Amino acid sequence: MTNNFPQALTIAGTDSGGGAGIAADFKTMQERGVFATMVVVAVTAQNTLGVQDALPMPPKLIDEQCASLAADLKIRACKTGMLADPTRVTAVVKNLQKYDFGPVTVDPVMIAKGGAKLLSDDAIATVRDQLLPLASLVTPNLPEAEELAGMKIQTEADMITVGKLLQGMGVKNVLVKGGHFASADEANDFVLLENGHNFWLTAKRIPTHNTHGTGDTISACITAELAKGKSMEEAIRIGKVYVEATIKDGINVGHGHGPLNHWAQIGGDQDEI
Ligand SMILES: Nc1ncnc2c1ncn2[C@@H]1O[C@H](COP(=O)(O)OP(=O)(O)O)[C@@H](O)[C@H]1O
Ligand SMILES: Cc1ncc(COP(=O)(O)OP(=O)(O)O)c(N)n1
């Protein structure tokens, strides 16, 4: 029996509001034509107004979810999202060392838009020292990049410096997302690839509050494209186009930072799945 339909994995937290975390990852992977699977690391009570509560899963259950997938499916690419604390980061690291789930994209989720901590402060060093060396790609937003690299980012030149610092920590490819430059008219991201090639992904900033789950969506899209066999550069470029479309062609859900429109079409060759 063949088992060759592209399968991808998200190792992350749930969002009861459906906008971020595993929900955003699943919607994105589904839209990009990939069979999505999950390892739940934490459950959050969350909506567009913020995170009301969170509970991390026992490490044994993280191990068992990974073992279940490895015993049956053929995961071609995976991503990490909310990892909660050092115990869960270490559990995820051990499983990524034990099983081959394809190239690992690390979205180093730290703080939700509403301000809730999704990664404890004492877990940041564990992510940097244990998880990053296993990653094919890391996709920090500006505050996350500052924490990981230990420097402030005030200009686009600083994004380049941070990208190089992160690559020096053992990650092959780096995507520094510029969505948090509040004053800029643009939402520009910096990419540094394994072979030294680097480039900017440029986009006009779309004036909206409905950006809940943007980081999950771009990293899930990249993971889906990698699972389909696209190159890292192609996957990152498609991720940027897809997340921009999901913001631009927006929907209104909830009363706070609303979710994205994961049905958005991006047209052209990139719509091939
Ligand atoms: N208002 C916006 N208009 C267009 N693109 C945006 C906007 N906000 C974020 N983006 C893009 O969405 C992606 C993720 O955004 P960012 O806010 O940087 O990360 P995170 O969601 O992890 O905090 C990046 O490609 C960023 O440039
Ligand atoms: C469970 C869970 N995981 C991740 C996030 C953060 O998602 P992100 O894409 O960074 O979007 P914002 O929350 O910052 O809007 C989350 N909120 N919940």
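These numbers come from the heavy atoms of this one structure, side chains and all, not from hydrogens, waters or symmetry mates. First listed ligand is number 1; within each ligand, the first listed atom is number 1. Note that the structure is predicted; figures quoted are calculated from it, not measured.
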- Task: Note the single closest protein heavy atom to atom 22 (O) of ligand 1, along with its residue, its atom name and the distance in Å.
- Result: K177 NZ, 2.8 Å

- Task: May I ask you to say whether K228 pairs ionically with E225, meaning some side-chain N is under 4.0 Å from a carboxylate O?
- Result: yes

- Task: Drop me the distance from T126's OG1 to L131's CG, to the nearest 0.5 angstrom.
- Result: 9.5 Å

- Message: Quick test of your reading of the model: are D189 and K240 salt-bridged, counting only N-O distances below 4.0 Å?
- Response: yes

- Message: So, 4.0 Å and heavy atoms of K240: is ligand 1 close enough to count as a contact?
- Response: yes

- Message: For E234 and S231: C-alpha separation, side-chain torsions, deciding distance, then whether side-chain hydrogen bond (donor to acceptor under 3.5 Å, both in side chains) applies.
- Response: CA-CA 5 Å; E234 286 172 318; S231 71; 3.3 Å; yes

- Query: For the side-chain contact (heavy atoms from CB on, under 4.5 Å) test, which of L61, L69, D63 pairs with V39?
  - Reply: L69

- F190 and M159: which non-hydrogen atoms are nearest, and at how many Å? CD2-O, 3.8 Å

- Task: Could you check whether the rings of H209 and H257 sit parallel, tilted or perpendicular, using 30° and 60° as the cut-offs?
- Result: perpendicular

- Heavy-atom proximity to atom 8 (P) of ligand 2 ranks first, among T48, D216, V40, for D216

- Run the salt-bridge test on K79 and D25 with the 4.0 Å N-O cut-off and return the result as yes or no. yes

- Query: Would you say T211 has any N or O atom under 3.5 Å from an N or O of ligand 1, going by distance alone?
  - Reply: no

- Near W200 CH2, under 6.0 Å, is it more than 12 heavy atoms from other residues, nucleotides or ligands? yes

- Counting only heavy atoms, which portion of T214 has something under 4.0 Å from ligand 2: side chain, backbone, both, or neither? backbone

- Message: In this structure, does ligand 2 have an atom that sits under 4.0 Å from one of the heavy atoms of G213?
- Response: yes

- Message: Taking CG in N195 as the centre, count heavy atoms belonging to other residues, nucleotides or ligands within less than 6.0 Å. Is the count above 12?
- Response: yes

- Item | Shortest protein heavy-atom distance from atom 17 (O) of ligand 1, along with the residue and atom involved | H180 CD2, 3.4 Å

- How far is atom 1 (N) of ligand 1 from its nearest protein heavy atom, and which residue and atom name does that atom have? I206 O, 2.9 Å

- Can K60 and E64 be said to form a salt bridge (Lys or Arg N to Asp or Glu O under 4.0 Å), step by step? CA-CA 6 Å; K60 186 166 171 284; E64 285 167 350; 2.9 Å; yes

- Near G13, which atoms of ligand 2 are under 4.0 Å from a heavy atom of that residue? 1 (C)

- Are K152 and E146 ion-paired here, with the side-chain N under 4.0 Å from a carboxylate O? yes

- Query: Would one find more than 12 heavy atoms of other residues, nucleotides or ligands at under 6.0 Å from atom CG of N198?
  - Reply: yes

- Query: So is T14 polar-close to ligand 2, meaning N/O to N/O under 3.5 Å?
  - Reply: no

- Would one find more than 12 heavy atoms of other residues, nucleotides or ligands at under 6.0 Å from atom CZ of F181? yes

- Message: For atom 24 (C) of ligand 1, tell me which residue out of D189, N188, I111, D185 has the closest non-hydrogen atom.
- Response: D189

- Query: Please state which protein non-hydrogen atom is closest to atom 3 (N) of ligand 2 and give its distance, to 0.1 Å?
  - Reply: G21 CA, 3.5 Å

- If we number the atoms of ligand 1 from 1 as shown, the ones under 4.0 Å from a heavy atom of K113 are 21 (O)

- Item | Protein contact to atom 12 (O) of ligand 1 [nearest heavy atom, distance to 0.1 Å] | T214 CB, 3.8 Å

- Message: How far is atom 5 (C) of ligand 2 from the closest protein heavy atom, and which atom is that?
- Response: L118 CD1, 3.5 Å

- Item | Atoms of ligand 2 close to G215 [distance to a heavy atom under 4.0 angstrom, numbered from 1] | 9 (O)

- Would you check whether I218 has a nitrogen or oxygen atom less than 3.5 angstrom from a nitrogen or oxygen atom of ligand 1? no

- Query: Does ligand 2 have any atom sitting under 4.0 Å from a heavy atom of Q46?
  - Reply: yes

- Task: Number the atoms of ligand 2 from 1 as they appear, then name those within less than 4.0 Å of a heavy atom of V109, with their elements.
- Result: 4 (C)

- Item | N or O pair under 3.5 Å between N141 and ligand 1 | yes

- Message: If you take the nearest heavy atom of each of G179, A112, P143, which one is closest to atom 16 (P) of ligand 1?
- Response: G179

- Query: Do any nitrogen or oxygen atoms of H212 lie less than 3.5 angstrom from nitrogen or oxygen atoms of ligand 2?
  - Reply: yes

- Roughly how far apart are T37 OG1 and K74 NZ, rounded to 0.5 Å? 11.5 Å

- Task: Run the numbers for me: atoms of ligand 1, each under 4.0 Å from some heavy atom of A187, listed by number.
- Result: 4 (C), 5 (N), 6 (C), 27 (O)

- For ligand 1, is any non-hydrogen atom under 4.0 Å from I247's backbone (N, CA, C, O), its side chain (CB onward), both, or neither? side chain

- Contact check, E144 vs ligand 1, heavy-atom distance below 4.0 Å: no

- Task: Would you mind checking if K117 and D85 are paired as a salt bridge, meaning a charged N to carboxylate O distance below 4.0 Å?
- Result: no

- Message: Using a 3.5 Å cut-off on N or O atoms only, is I111 in polar contact with ligand 2?
- Response: no

- Atoms of ligand 2 close to K113 [distance to a heavy atom under 4.0 angstrom, numbered from 1]: 11 (O), 12 (P), 13 (O), 14 (O), 15 (O)

